[in-house]
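What follows is one structure encoded as structure tokens, with my remarks underneath.
The chains referred to below are lettered A, B, ... by the order of the sequence lines, with proteins before strands, and numbering in each begins at 1. A quick note: this is a predicted structure, and the numbers were derived from the prediction, not measured. Excluded from the calculations below are hydrogen atoms, water molecules and symmetry mates; all remaining heavy atoms, backbone and side chain alike, are included.
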2 protein chains.
Amino acid sequence: MSICGMVKKTSGAPRREESLSRERIIDAAIALLDDAGESGLTFRALALKLVTGPGAIYWHVANKSELLTAACDAIVARAMNAPLADATPEATLRAIALGMFDAIDAHPWVGSALAHAPGQLPAVRILERIGQQLRLLGVPREREWTTVSALLSYILGVGGQNAANAQFAQAEGLNRADFLESLANTWSELDPAEYPFASSIARQLPDHDDRADFLTGIDLILKGMRSLRRG
Amino acid sequence: MSICGMVKKTSGAPRREESLSRERIIDAAIALLDDAGESGLTFRALALKLVTGPGAIYWHVANKSELLTAACDAIVARAMNAPLADATPEATLRAIALGMFDAIDAHPWVGSALAHAPGQLPAVRILERIGQQLRLLGVPREREWTTVSALLSYILGVGGQNAANAQFAQAEGLNRADFLESLANTWSELDPAEYPFASSIARQLPDHDDRADFLTGIDLILKGMRSLRRG
DNA sequence: GACATAAATGGAACGTCGTTCCAAGATATT
DNA sequence: AATATCTTGGAACGACGTTCCATTTATGTC
């Protein structure tokens, strides 16, 4: 490839500066995923970006699924380790949930990766953070599991839909607004006799605020927990 | 978008008995997905089952994604058109949610397909059914959207996790119980200083009842809606 | 410094996938 | 019977995840 093949490494550095490492691979994977979406992560593209061959990557990473989960975990860890202002457990729960929403909004592929790695480290990080607040809130032991898994399921559900929306829009070359607009048109054209609700609510689709709706859902669950604690 | 304009077909002789059709293809796809999971659906396997070539299938179906969504829609339509006993709107909402849970439990790939087809027909069917009950319940117009999307997100979230669990377990050749057991072991071995909640709750993992937990989450949201209506 | 051992690399190759292409067969129309 | 259209199915393309292995680079030993 290069004409002047013999580039004398002057220094006696411990390792090649540009040597591979799990960390460098994961960083490159994140960059690829952010730039080109879920389908942008390939061992070939990764090798190209890291100036090596596909085979070399397998020395540091078992397979693609592990790599994707590791990339996902890096983002989730960053979001879940962010310091939070001291506040009531409920306010903290809202902040945790919003942190995940924003992380998935910035990296839609994380929503999809999270959905495909149930019970793995990334999900456990979220579970842990939520669970600690539930204990501060005084949720009785026998209701801990159902409560934490309800919150987690909701967060993963919204995240997964956001990821799918982003991927769908990208596949059709649309931005979010145009994608929602075309969806609203499709819904509007549904038979009002068969789909009275969907066709009547279609026009609200393009103008709604995902983030606000997400938070409203969290508040709905928190309100339900509160009324359970009192009743 | 139009179905199929040519309605000549006065004669009785339909076509070859074993000729291809969209319906026959979708049925075969469902059988393949049920038997071998998400990765079992291949145009080659489908062609083999239908005794034809891969190219012929493309005359009736645009691509794999459309086929998967159509197969998903067939299952969802079956679940959402099931007759429900007349009951309070809240009881009907619970029945609708449970119907989706059971459908995904019987066909885990539906959970994953639903998550990848946001705003498409299968999801709209669920949205519609839920929305109609919300109107009977008297939810004010300005809260319709956030309420229905909270319920839908939760249902899709649980469904997606169930699908992922099933796929993960199948990939490792385990049944559900063994998979949860191995997950519980992993969680138990987490550092209790860093993961006090996850490690302490790990032992509840193998024995919990997915269906009951799902319903508890639905009730949590319904309770939140009720307290909102009163407050 | 020379040698042996192990770690790490990268390019070629395998098998599978979704999809496209097209020559041939089947059916409908004149 | 001839023509036009719908439908089929097998071959082929390009891209993917992954494996294999000859080669290079670093480390430890005398």
Side-chain angles (χ1 to χ4, degrees), chain A residues 1-2 5-26 28-29 32-33 36-71 109 113 116 167 171, chain B residues 3-26 28-29 32-33 36-71 109 112-113 116-117 167 171:
Chain A
M1 191 77 81
S2 71
M6 351 211 83
V7 180
K8 201 60 170 189
K9 288 291 187 272
T10 56
S11 83
R15 294 256 159 139
R16 279 204 271 167
E17 179 57 28
E18 70 277 12
S19 82
L20 283 178
S21 72
R22 200 169 185 336
E23 198 177 318
R24 247 168 56 81
I25 292 173
I26 292 174
L32 232 36
L33 288 161
E38 228 173 317
S39 65
L41 178 59
T42 1
F43 275 84
R44 271 168 251 264
L46 205 50
L48 212 61
K49 190 180 262 268
L50 293 168
V51 199
T52 179
I57 298 172
Y58 279 86
W59 183 261
H60 303 272
V61 154
N63 52 46
K64 184 173 179 176
S65 158
E66 193 206 271
L67 175 57
L68 188 58
T69 302
W109 52 271
H116 287 94
Q167 193 188 355
Chain B
I3 306 302
C4 179
M6 352 214 76
V7 205
K8 202 63 171 279
K9 290 288 150 52
T10 52
S11 90
R15 296 219 167 222
R16 287 203 262 175
E17 178 57 28
E18 71 278 11
S19 81
L20 282 178
S21 73
R22 201 179 148 83
E23 197 177 321
R24 246 169 55 81
I25 291 173
I26 292 174
L32 232 36
L33 287 161
E38 228 172 319
S39 64
L41 178 58
T42 320
F43 274 84
R44 271 167 252 264
L46 204 50
L48 211 62
K49 190 181 263 269
L50 293 167
V51 198
T52 179
I57 299 172
Y58 278 87
W59 184 261
H60 304 272
V61 154
N63 51 47
K64 184 173 179 176
S65 157
E66 192 206 272
L67 175 56
L68 188 58
T69 302
W109 52 271
S112 156
H116 287 92
Q167 193 188 353

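- What separates OH of A:Tyr58 from P of C:dG10 is a distance of 16 Å, to the nearest Å.
- The distance from atom CD of A:Glu66 to atom P of D:dT18 is 11 Å, rounded to the nearest whole Å.
- Here the nucleotide nearest the side chain of A:Arg44, chosen from D:dT8, C:dA13, C:dT19, is C:dA13.
- Straight-line distance from the CG atom of B:Leu46 to the P atom of D:dG9: 13 Å, rounded to whole Å.
- Nucleic acid contact for B:Leu41: sugar-phosphate only, since backbone atoms but no base atoms lie under 4.0 Å from a heavy atom of the residue.
- Across the protein-nucleic acid pair, A:Trp59 atom CH2 and C:dA7 atom C1' stand 6 Å apart, rounded to whole Å.
- Mapping A:His60 and B:Asn63 onto DNA chain C by nearest heavy atom places A:His60 closer to the 5' end of the strand.
- Side chain of B:Thr42, nearest nucleotide from C:dG18, C:dT9, D:dT7: C:dG18.
- Taking atom CG of B:Leu50 as the reference point, atom C1' of D:dT7 lies 14 Å away to the nearest angstrom.
- Map A:Phe43 and A:Ala56 each onto its nearest nucleotide of DNA chain D; the residue landing nearer the 5' end is A:Phe43.
- Comparing D:dC16, D:dT8, D:dG10 by their closest approach to the side chain of B:Leu20 singles out D:dT8.
- The aromatic rings of A:Phe43 and A:Tyr58 lie parallel to each other, with less than 30° between the two planes, well short of the 60° mark.
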